[in-house]
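The structure appears below as structure tokens.
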Amino acid sequence: MEKELITISGEVDAIQHKSKDSQFGVIILLCEGKLVTVVGELGSVEEGEDITCTGYYTDHRVYGEQFRCVTCERTLPTKHANMIKYLAGSFEEIKLRTAKNIVNRYGDDTFDMIENDFEKLTEFGGLSIKQAKKISEKFRETYALRSLINSFAKYALPTHTALSAWKALGSDAAEIVDRNPYVLTKESIGVDFEKADRIASKLGLDPASEQRIASGISYVLRRFSNDGHSAMPLERLETECCSFLGIEKLRFGQVLDAEAEDNNIYLYYKGRDAFVMSADLYTAEDYIARRLSIMSEISYDSEVDFSEVIDLAEQENGIEYEDTQRKAINLALSKGFLILTGGPGTGKTTTLNAILSLFEQQGMSVMLAAPTGKAAKRLSDLTAHEATTIHRLLGVKPPDGPKISFIHNENDQLDCDVLIIDEMSMVDSCLFEAVLRAISVTCKLVLVGDSDQLPSVGAGNVLHDIIESGVMPVVTLTEIFRQAQQSMIVTTAHKIIRGEQPDLTDRSGDFFFMERREYNEARTLAADLVEKRLPDTYGYDSFNDIQVLSPTRQGPVGTAELNRLLQERLNPKAAGKSEVVMPFCTFRKGDKVMQTSNDYDITWKKIDDEGKTEEGAGIFNGDIGVITAANKVLRTLTIDFDGRVAVYQADMLQNLELAYAVTVHKSQGSEFEAVVMVLPEGYDLLCYRNLLYTGVTRAKKLLVIIGSVRQFRRMIENDRKTLRYTCLKEMLTSSDQLGIEDIPDE
């Protein structure tokens, strides 16, 4: 039940806490002669300000009554005493004595003077003209932001939305929003379209306006891309937009044409079928196609025979490579342009190590990367070479707008002769575009992955599309080596991908199927296995060694419900154990958590074995960490992501979820000592082979599947690949790509 909102007003008497980004704060408000503790998103309020807060009272178990602020309106102080307090508290250049002198001379005109005649500040306290200008600029910026927060409050938009709009739209944000409230639906601001519609209605805007329909088209396209599609069939976009916006097809077509003419969206034709793409995704896939076509032409000299070199490598390493492995090694050395795929146990690592070693013997500098931290660490362990995440390799720039940018690009390329990327199935279109921009056209490129796994979380189906296009040579390893044949996990995975039904009654190996058709029984068994049975039998650590997987987030055996139960079992509420309660879940010290979206602003520190401190920014979608501290009052969490320690403010917690159980999709790129996978009936949209295969191949030493035999068998029979609408394959195979003579100077 939602709490009834009330409004209180008063003077900021003291500031007890303020987050680094000034979004979350704890203040003492003097309200009708009473001191009230106010917590919430308050913006950069200062002592002495007059503010109006809308929210509700709560009773904190330790700190007593508090007012939880939802929206905050601010006004400049009018009393001279409060003006003095405000100046001394807001500007480090102005000391208390100087503030008194300024207010004593200019009185009610103080703020007008600072804004419009700042040179007069040099008459006080030895302030230089440079300091005076800085004070004036900060005041104007703060005043504009305050006006924006107040403007948004009348639409019941929280402070963090105002701050996001400020970052995205600049100091004219209020005027821009009043002219076109649909800009609030931009991804960087994140207001629901329906809420923007209500604001537009209050402003009297025409529901058939070009602004509304253009924003609606972008909004529907973005929702579609959030499901992994980089393109949307025009006919489907038309149907959804006309229904969603309540408009006629003629009006939709008029606005679509205008948006395409302005290059805000792009139309791409596959034969007679038209697809619509956002500007970012069109640019990404078009660039990938052009760049790979150029690199393909460069690599297709006559193939050199490196058999003797490979023979020597076999003698030195005591390994006999099978024919397909030799083919992959030879292609990598001769062309330097290769996709290497294969399932578990087929020798991908052995082949990759040979390629890596022989490149280095030729004096080439090689860089290795993977999409996630877990995948990069695994790649380092398997190759005994340093590997990093793609984001860290490219160097994330501080965000300037909604699209991520990198230090390394076509103007500052990576200094390497060879780039090897592992877990390529996880790389989406925009990230691969960034990779290609950061390497020269002559850089050798080896892409390693398992094409039978699920596609990337982000939009696109890059590995699949490149393989299907034939623009890069592909070597697929299929032979399961003797050691791997002893693992039922490996043999079961290969049977699944071939469409064969494994023996579920065999309990002699490392794979067990435990039939439970009732949701409650399946859920309880999963918790029992993680909490007690697997640790007692195999010595596994419940937190670090075992991972629960589910195909879905929702439902009685989805990750949300499984996490609730597992948290109760593994990290229950206890006296003295700090926690932060959110509407969607409770975060507790000791909890395992996952970041659910890329956040390039989160700063972290890492201390190495020698005591040296490394600092960086960026926690990415799928990163798993452990909460080491939780502050109930400030609503902050300290989280350790494999040595990178980050502090999460209250507004950042919406991008976290518990990670005792994660979806199969989110588990990609990771391997776990033991996996417990729950396969319920009733989720037909998720009942397909490569989802099952991806989950099975996450297990390193032990796999337990709980669920329905019928569902398991249906998943194997359903070879419907995850449907992705993209245009990359067609772009790669079209005849109008750049030729070698069109290579740009770099």
Side-chain angles (χ1 to χ4, degrees), residues 23 41 70-71 145 148-149 151-232 236-247 251-252 254-256 258-260 262-266 276-283 399-404 430 458-459 596-601 651 654-655:
Q23 291 193 28
E41 293 172 338
V70 177
T71 62
L145 180 56
L148 180 64
I149 292 171
S151 172
F152 276 27
K154 68 187 178 187
Y155 301 129
L157 293 173
T159 300
H160 73 81
T161 300
L163 291 167
S164 297
W166 174 269
K167 289 178 183 177
L169 305 174
S171 57
D172 296 328
E175 291 79 5
I176 293 171
V177 170
D178 283 343
R179 289 196 303 270
N180 178 16
Y182 296 102
V183 297
L184 294 170
T185 64
K186 286 177 176 285
E187 190 173 7
S188 55
I189 303 174
V191 172
D192 286 339
F193 195 90
E194 292 80 359
K195 184 171 283 188
D197 246 352
R198 291 195 292 270
I199 295 170
S201 179
K202 288 181 181 179
L203 294 170
L205 297 184
D206 182 1
S209 69
E210 185 170 328
Q211 294 170 328
R212 178 174 183 266
I213 297 169
S215 295
I217 290 171
S218 294
Y219 189 76
V220 172
L221 274 176
R222 189 163 66 248
R223 285 196 313 191
F224 203 62
S225 71
N226 288 341
D227 290 331
H229 307 283
S230 60
M232 188 171 187
R236 181 168 176 177
L237 177 67
E238 178 185 72
T239 301
E240 290 198 19
C241 283
C242 289
S243 173
F244 177 64
L245 298 171
I247 57 173
R251 185 59 179 143
F252 166 81
Q254 291 170 340
V255 177
L256 184 83
E259 287 293 282
D262 291 339
N263 292 334
N264 294 324
I265 59 172
Y266 286 82
V276 184
M277 304 179 73
S278 68
D280 281 354
L281 288 167
Y282 175 83
T283 301
D400 182 20
K403 187 177 179 182
I404 183 176
C430 288
T596 59
S597 65
N598 291 338
D599 192 323
Y600 309 105
D601 290 332
D651 60 296
Q654 61 188 355
N655 294 324

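FYI, the numbering just counts along the sequence from 1.
Asp178 meets the side-chain hydrogen bond (donor to acceptor under 3.5 Å, both in side chains) test with Tyr155; sequence neighbours excluded. For the salt bridge (Lys or Arg N to Asp or Glu O under 4.0 Å) test, residues two or more places apart in sequence or in another chain that qualify with Arg236 are Glu240.
Of all heavy-atom pairs spanning Ala231 and Met277, the tightest one is CB-CG, 3.7 Å. Taking all atoms of both residues into account, the shortest heavy-atom contact from Leu169 to Lys186 is CD2-CE, 4.4 Å. Taking both residues in full, the closest heavy atoms of Ala165 and Ala173 are given as O-CB, 4.0 Å, listed atom of the first, atom of the second, then distance. The two residues Thr185 and Ala196 make their nearest non-hydrogen contact at CG2-CB, 3.8 Å.
Atom SG of Cys242 is separated from atom CD1 of Ile213 by 8.5 Å, given to the nearest 0.5 angstrom. A distance of 12.5 Å separates CD1 of Ile265 from OH of Tyr282, quoted to the nearest 0.5 Å. Taking CG from Asn226 and CZ from Arg223, the interatomic distance works out to 9.5 Å, rounded to the nearest 0.5 Å. Expressed to the nearest 0.5 Å, how far CG of Leu205 lies from CD1 of Ile199 amounts to 10.5 Å. Here Glu259 contributes atom CD and Glu210 contributes atom CD; the two are 6.5 Å apart, rounded to the nearest 0.5 Å. Considering CD of Gln654 and OG of Ser597, their distance stands at 8.0 Å, rounded to 0.5 Å.
Ser225 places a side-chain N or O within 3.5 Å of a backbone atom of Arg222 that can act as its donor or acceptor partner. A donor-acceptor contact shorter than 3.5 Å links the side chain of Ser215 to the backbone of Gln211. With hydrogens and angles disregarded, a donor-acceptor distance shorter than 3.5 Å links the side chain of Arg212 to the backbone of Leu245.
In this structure, Ile176 and Arg179 have side chains that are in contact, with non-hydrogen atoms separated by less than 4.5 Å. Using a 4.5 Å heavy-atom threshold, the side chains of Ile247 and Val255 count as separate. Looking at heavy atoms from C-beta onward, Met232 lies out of side-chain contact with Glu238 at the 4.5 angstrom threshold. Using a 4.5 Å cut-off on side-chain heavy atoms (C-beta onward), Leu237 and Leu256 make contact. Residues Leu221 and Leu281 form no side-chain contact, since every pair of their non-hydrogen atoms from C-beta on lies 4.5 Å or further apart.
Contacts classified as ring pair (Phe, Tyr, Trp, His ring centres under 6.0 Å) and involving residues 174-216 (residues at least two apart or in different chains) are given here: Tyr182-Phe193, Phe193-Tyr219, Phe193-Phe244.
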